[in-house]
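Okay, so here's the structure we're looking at.
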Amino acid sequence: MPPTRRDRRVIIHFDYDCFYASVFERENPSLKSMPLAVQQKQIIVTCNYEARRRGLHKLQLISEARKIVPDVVIVLGEELGRFRDASKLLYKYLEAFTWSGKVEKLGFDEVWMDVTDLVAYNQALLNQNDLSNSFFQLKQNDPMAGFSYDATKIAGHTFPATRHDEDLESPLNTSLEPGDQLLVRLKLGSHLARHIRLSLEEHQGYTSTVGISTNKILSKLVGNLNKPKGQTTVLPPYVSPNEESPPATNTNNVLLFLDGHDIGKIPGIGFKMSQRIRNHVLSRPTKFEVGLIYGGTQDSIASGDVRLFPGMGPDLLEKILGGPGSERGIGGRAWNLINGIDDTEVQQAKKVPSQISIEDSYIRLDTMPQVLKEFRILASSLVKRMHTDLLEDDDDPSSESQKRWVAHPKTLRLSTRPRPPPHTDGTRTRSFNRISRSSPLPNFVFNLKEAIDATVEKLVQVALVPMFRRLHPQQGGWNLSLMNLAVTNMVETASEDGTGCGRDIGRMFKRQEEALKEWKVEDRDMPPDVIFAPKEDHEMLFDDGREVEPSAGDDISKAAWGNATDIPTGSEDLLYPTQNTASDIWDDGDDNNDENNDMCTICQAIMPAFAMAAHHCYHDLDE
DNA sequence: CTGACTAAG
DNA sequence: GGTTCTTAGTCAG
């Protein structure tokens with residue numbers, strides 16, 4: 001039994017055409033007429049359509065490409081900053097069209113927009129007597145902002161390309177069957193999509209390929225039918241008329257469209273899942289060429305083969321896909337997907353990423369000096385990324401500082417991909433598995449006054465080297481093919497503009513944030529809820545306080561920093577009270593926090609117990 | 001919370 | 001499952 005459809009939304013999916021190449025063409029328009037390829041390491045990650053016309057394609061070896069198109073222009077695309085910037089700009093441009101703010105990015109070059117509200121508004125505006133001269137209003141409060149369009153026609157391509165059962169040119173707007181209401185909304189959606197797509201090209205210089213439907217997977221998949229710079233709408237009917245009708249695929253455009261796709265092409269069904277499904281449907285394991293032979297499997301299974309397989313349904317899929325480690329409810333979700341049902345919302349933009357990571361791959365990385373060198377390179381990029389992505393201009397006139405952290409990652413993670421040592425019989429079981437260790441992120445990385453190189457060096461010594469030892473306790477023998485550095489576990493800093501999203505979570509922490517604001521370090525460089533205190537065993541201890549023994553601060557010695565010149569010269573790395581006494585910070589509510597406050601034995605300052613360790617560190621370093 | 005894994009571009 | 005580099009999410013313990 002196929003699940004019930006809820007086609008109440010209009011979703012547009014944007015995919016910028018050969019995005020990396022387009023970024024370079026924008027910077028240098030003369031490239032547009034030439035075959036252009038973007039290189040990372042030894043492969044072409046993307047190329048423009050002139051290059052494709054001459055036989056190049058994505059993920060091709062550079063050497064191969066040079067043979068096929070000797071005069072190909074190859075640009076290096078390993079620095080992702082320019083792509084990130086362009087992606088952000090285009091995202092902001094698209095976001096401005098929406099009323100709901102439901103705009104979701106996938107990677108650098110894809111965006112979904114939920115335009116249900118704009119479409120509904122403009123549907124109500126239609127004049128049934130003059131549909132061909134309609135005006136699409138882009139703003140609710142400005143009847144002049146918008147564009148003219150012919151509401152009797154759909155804009156761009158459709159799936160199916162021609163409709164067999166109904167005349168597209170003669171729609172009525174009201175009191176129709178649900179399917180016809182859907183047609184009207186998709187029509188408006190297609191005109192809006194075209195307008196935005198052409199605006200994007202005219203004003204930003206990027207062409208895109210667009211899909212229009214009622215959910216995320218259908219809009220994404222259908223766009224692929226006409227690329228580049230095309231758009232495609234999935235036409236109704238989205239449901240089969242009724243049970244006694246002929247085979248569903250004749251009358252249900254969603255299934256007609258989806259059934260032809262390889263099962264692994266359905267978004268959400270990746271390699272592992274499609275392999276397990278294939279194994280079951282073919283009732284034998286899919287055979288891979290065991291060696292290095294390229295070509296994969298010749299056993300490809302269409303989505304329709306799966307959907308129509310005897311006994312297929314959520315329960316069977318649960319048996320196939322379920323088990324330890326699998327997502328709960330995966331069977332039902334997969335069943336929905338192959339039926340073209342995806343009720344997941346288009347997510348509103350998060351202002352802060354939930355993770356920032358930097359990685360590099362290596363042919364051979366097996367000595368500590370090499371590792372240290374790469375640590376410095378990676379950590380330096382990471383700290384710079386944190387600056388560009390997590391700092392914003394501080395418009396607070398009462399402060400002279402210009403930047404403040406919008407979020408503080410709490411965790412630092414080091415991942416490596418060890419190359420498995422050649423086994424006894426010489427067979428190398430190459431694995432691409434990663435292993436990782438994480439630790440609290442030291443506060444000093446938030447210090448904007450220190451030079452980046454100094455911050456990086458400290459980070460390497462106090463955090464990365466210890467983590468590396470936990471990851472690879474052996475003295476040698478390892479050889480890494482990849483290292484990745486990440487900061488995760490973002491804690492958003494309370495924002496003053498009341499429009500900040502995540503009010504529910506904000507409310508939870510509001511009281512704590514308010515209280516801790518007073519404990520901020522100069523220029524608000526520091527996270528309000530994290531402190532650190534060096535420990536005697538050359539490892540750093542970081543915590544949110546309540547688990548730190550009050551005596552921890554006594555263990556501090558300059559030796560913990562390796563050498564004296566690395567010691568922070570001032571109090572910049574430490575938290576200390578700036579204005580209020582601690583008592584009025586913690587005594588504001590029904591919670592009884594009195595026992596959390598302590599007085600410093602040296603300077604008599606009152607502060608939460610958890611801050612005492614760091615505070616003592618401050619005194620110790622002054623000696 | 002940590003660490004492994006899956007999926008996506 | 002492969003190429004590169006990155007992000008997001010889920011699950012077990």
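Lettering follows sequence order; numbering is per chain, from 1.
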Which of the following nucleotides, C:dT10, B:dG3, C:dA8, is nearest to the side chain of A:Ser438? B:dG3
Just call it for A:Gly107: base, sugar-phosphate, or nothing, with non-hydrogen atoms closer than 4.0 Å on any strand. nothing
Is any side-chain N or O of A:Ser354 closer than 4.0 Å to OP1 or OP2 of C:dA8? yes
Nearest to the side chain of A:Gln355, which nucleotide is it out of B:dA4, C:dT4, C:dT7? C:dT7
At 4.0 Å (heavy atoms only), tell me whether A:Glu359 reaches a base, stays on the sugar-phosphate, or touches nothing. base
Give A:Ser415 one of three labels, base, sugar-phosphate or nothing, depending on what nucleic acid heavy atoms sit under 4.0 Å from its own. nothing
Residue A:Arg385, side-chain heavy atoms: nucleotide from C:dG1, B:dG9, C:dT7 that is nearest: C:dT7
Among B:dC1, B:dG3, B:dG9, the one nearest A:Asn489 by side-chain distance: B:dC1
For A:Gln370, enumerate each residue passing the side chain to side chain donor-acceptor pair (under 3.5 Å) test, keeping only those at least two apart in sequence or located in another chain. A:Thr367
Ignoring the backbone of A:Leu59, work out which of B:dA7, C:dT6, C:dT3 is nearest its side chain. C:dT3
Quick one: which of C:dC5, C:dT6, C:dG9 gets closest to the side chain of A:Asp360? C:dC5
Nucleotide nearest A:Arg437 (side chain, heavy atoms from C-beta), chosen from B:dG3, C:dC5, C:dC11: B:dG3
Heavy atoms under 4.0 Å, any strand shown: does A:Leu61 hit a base, just sugar-phosphate, or nothing? nothing
When the ring centroid of A:Tyr16 is compared with that of A:Tyr91, is the distance short of 6.0 Å? no
Using a cut-off of strictly less than 4.0 Å, decide whether A:Ser361 has a side-chain nitrogen or oxygen near OP1 or OP2 of C:dC5. yes
